[in-house]
Each structure stands twice: as structure tokens, then as C-alpha cells.
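Just below is one structure, and these are the notes that go with it.
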Amino acid sequence: MAFEEFDKLGPLRPLVGAWEGEGGVDFSFHHAEEETGEPPYRERITFSPFGPVDNGDQHLYGLDYRMSAWRAGEEDPFHTEIGYWLWDADAGRGLRAFMVPRGTVVLAGADAGPDSTEFTFRAQLGDPVHGIVENEYLSRRASTVSYECSVRISGDEFSYDEDSVLRMTEFEELFHHTDRNVLRRGAE
């Protein structure tokens with residue numbers, strides 16, 4: 001993508017590059033201990049621009065992204081994602097499409113303006129537009145019924161608060177698996 005086309009990324013424009021965060025908090029269920037916890041984590045995300053992607057008269061611009069997160073003292077990441085953050089200027093909508101290697105795929109949508117610095121991606125299990133798909137095992141044991149991720153961008157810092165609502169065999173009530181972090185622009 002040529003530099004002059006970066007403006008076509010709308011609110012995603014400031015995210016181009018590499019980001020790192022050391023203060024992440026992951027509230028989740030830990031199967032080995034059979035309990036919930038909030039272990040801290042560090043994270044790295046890279047966003048690379050591309051576009052246009054033309055679907056008839058729809059024109060998308062986006063960011064290819066890769067994310068990895070590590071718990072303190074561990075060399076191997078406990079969580080990774082690959083996917084796209086997309087901007088549809090005509091619809092005023094951001095899209096986040098990603099896959100988690102556990103077998104979950106999410107396409108979440110967010111209403112936003114071209115200069116928005118805050119927006120929230122949302123998806124629901126079974127929604128034909130902004131939905132969640134998962135493998136058979138997860139569908140039976142830990143189904144993600146909704147996903148929400150609120151993003152805030154400010155200069156060389158961006159943060160997120162994420163809530164994946166799960167129907168888990170270990171709990172009678174729905175379980176809120178939450179993650180949050182503040183990332184700063186890192187070395188390329």
C-alpha cells in the first residue's frame with residue numbers, strides 16, 4: 001500500500017506498525033488448577049496495511065495482524081491470533097476477523113467514523129453477519145456465545161478491554177473470560 005493510501009484505513013490508520021504491552025491481565029479458567037485466576041501477560045501485535053480489497057462496489061482497506069501473548073517467565077506464548085482489521089468507509093464500519101488456534105473464528109463489527117479513536121467490536125454465536133464459529137469440542141465444552149472488544153487509540157498507545165462470554169461445562173452460569181492491556185508502539 002502506498003503511503004498516500006494510509007488515509008483510506010480510516011480509524012485503523014494509527015495502528016500500522018508493531019506494538020508491545022507488558023501489563024496485560026487475563027481473567028480466565030485454568031483447567032490444571034480447576035480455578036479462575038488473573039495472571040499477567042506481555043503481548044506483541046504487528047499490523048501491516050493492505051488494500052484495496054474490492055467486493056463489487058464495496059472497497060475495504062485493512063491491516064493484516066498477528067498477536068502473541070506470554071505469561072511471566074514463559075518462553076512459549078499461551079495465546080496467539082492471526083487475522084485482519086478492516087475498514088469499510090462507505091458503511092462506517094470496522095471489521096475484525098481472526099482465528100485462534102484452539103479452533104475459534106470470529107468476525108466482529110464496530111460502528112466507527114474515519115477519525116474515531118474509540119470503538120467496540122461485537123460478535124454473537126449464530127449471527128450470520130458478525131458471528132463466531134468454533135470446532136465441535138469447543139461447541140460442547142467451552143462455547144463462545146458472544147465477543148466484545150473495546151479499543152482506545154491515543155498517539156503511540158492503544159488499549160483494549162475484551163470480554164468473551166463462554167458457556168462452559170465447569171459452570172452453571174455464563175463465564176466472562178476477560179483480557180485487557182495497554183500497548184505502546186514498539187521497534188519495527
Side-chain angles (χ1 to χ4, degrees), residues 1-24 26 41-71 74-123 129-134 144 147-162 164 179-188:
M1 173 182 287
F3 183 75
E4 60 273 4
E5 291 187 305
F6 276 22
D7 282 342
K8 295 181 180 179
L9 289 168
L12 307 179
R13 168 181 63 251
L15 294 174
V16 173
W19 298 80
E20 297 176 357
E22 296 289 330
D26 171 40
Y41 63 93
R42 67 184 172 88
E43 175 176 13
R44 180 171 171 81
I45 303 176
T46 57
F47 293 101
S48 302
F50 67 89
V53 174
D54 298 323
N55 297 320
D57 60 359
Q58 180 189 47
H59 310 288
L60 304 174
Y61 286 82
L63 302 172
D64 176 326
Y65 89 99
R66 294 184 175 275
M67 177 277 230
S68 296
W70 299 263
R71 289 196 176 101
E74 294 182 0
E75 288 188 34
D76 295 326
F78 74 93
H79 183 83
T80 60
E81 293 176 8
I82 59 169
Y84 304 103
W85 290 34
L86 303 165
W87 173 240
D88 182 343
D90 290 341
R93 179 157 292 274
L95 299 168
R96 183 174 175 191
F98 65 96
M99 180 173 187
V100 178
R102 288 176 178 83
T104 303
V105 178
V106 177
L107 176 59
D111 293 328
D115 297 318
S116 293
T117 58
E118 296 185 17
F119 43 90
T120 301
F121 292 106
R122 292 182 177 89
V129 178
H130 299 119
I132 301 164
V133 179
E134 55 202 4
T144 304
Y147 170 81
E148 184 171 297
C149 180
S150 296
V151 175
R152 288 163 302 289
I153 305 167
S154 178
D156 285 339
E157 181 175 288
F158 94 89
S159 61
Y160 66 86
D161 288 285
E162 191 172 81
S164 298
D179 295 293
R180 66 182 181 276
N181 206 352
V182 176
L183 296 101
R184 289 170 185 79
R185 193 176 300 280
E188 297 292 325

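All values reported here derive from a predicted model rather than from experimental measurement.
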Give the minimum heavy-atom separation between [X] and [Y], together with the two atoms involved.
X	Y	result
R185	G17	NH1-CA, 4.4 Å
L183	G21	CD2-N, 3.8 Å
Y160	C149	CB-SG, 3.9 Å
S68	P77	CB-CB, 4.2 Å

Using the side-chain contact (heavy atoms from CB on, under 4.5 Å) rule, take F158 and V182 through it: C-alpha gap first, then chi angles, then the decisive distance, then the call. CA-CA 6 Å; F158 94 89; V182 176; over 6 Å; no

Contacts of E118 that satisfy side chain to side chain contact (heavy atoms under 4.5 Å, CB included) - sequence neighbours left out: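 By the side chain to side chain contact (heavy atoms under 4.5 Å, CB included) rule, E118 matches R152.
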
Donor-acceptor side-chain pairing of Q58 and D90 below 3.5 angstrom: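 No.
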
If we ignore angles and hydrogens, is there a donor and acceptor under 3.5 Å between the side chains of Y65 and E81?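 There is such a pair (donor and acceptor under 3.5 Å, judged by atom type) between the side chains of Y65 and E81.
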
For a 4.5 angstrom cut-off between non-hydrogen side-chain atoms, does [X] reach [Y]?
X	Y	value
N181	S159	no
I82	M67	no
P49	Y61	no

Can you check side-chain contact (heavy atoms from CB on, under 4.5 Å) on V16 and L63, steps first, answer last? CA-CA 7 Å; V16 173; L63 302 172; 3.7 Å; yes

Output the distance between atom [atom1] ([X]) and atom [atom2] ([Y]), rounded to the nearest 0.5 Å.
X	Y	atom1	atom2	result
M99	Y84	CE	OH	12.5 Å
D115	I153	CG	CD1	11.0 Å
L60	L95	CG	CG	7.0 Å
D161	T120	CG	OG1	9.0 Å
N55	D88	CG	CG	9.0 Å
E148	E162	CD	CD	10.5 Å

Before accepting this row, confirm whether a basic side-chain N of the pair R71/D76 lies closer than 4.0 Å to the acidic partner's carboxylate O.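 Here R71 does not pair with D76 in a salt bridge, since their nearest N and O are not under 4.0 Å apart.
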
R184 pairs by salt bridge (charged side-chain N to carboxylate O under 4.0 Å, His left out) with which of E20, E157, E43, E22?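 Filter result, single survivor: E157.
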
Applying side-chain contact (heavy atoms from CB on, under 4.5 Å) to L86 and F50, what does each step give before you reach the verdict? CA-CA 9 Å; L86 303 165; F50 67 89; 3.6 Å; yes

Show the numbers, then the answer: is there a salt bridge (charged side-chain N to carboxylate O under 4.0 Å, His left out) between R42 and E75? CA-CA 11 Å; R42 67 184 172 88; E75 288 188 34; over 6 Å; no

Backbone N/O of G94 and side chain of W87: donor-acceptor pair under 3.5 Å: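 Answer holds: no.
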
Consider ring pair (Phe, Tyr, Trp, His ring centres under 6.0 Å). Of F98, Y147, W85, which one does F121 pass it with?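 The passing option is W85.
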
Name every donor-acceptor pair, under 3.5 Å, that has one atom in a side chain of residues 100-114 and the other anywhere in the protein, sequence neighbours excluded.
unit_1: R102; atom_1: NH1; unit_2: H79; atom_2: ND1; d: 3.4
unit_1: R102; atom_1: NH2; unit_2: F78; atom_2: O; d: 3.1
unit_1: D111; atom_1: OD1; unit_2: R93; atom_2: NH2; d: 2.5

From CA spacing to verdict: side-chain contact (heavy atoms from CB on, under 4.5 Å), V53, H59: CA-CA 6 Å; V53 174; H59 310 288; over 6 Å; no

Heavy-atom count check: over 12 atoms from other residues, nucleotides or ligands less than 6.0 Å from R66 CZ?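 12 or below, so no.
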
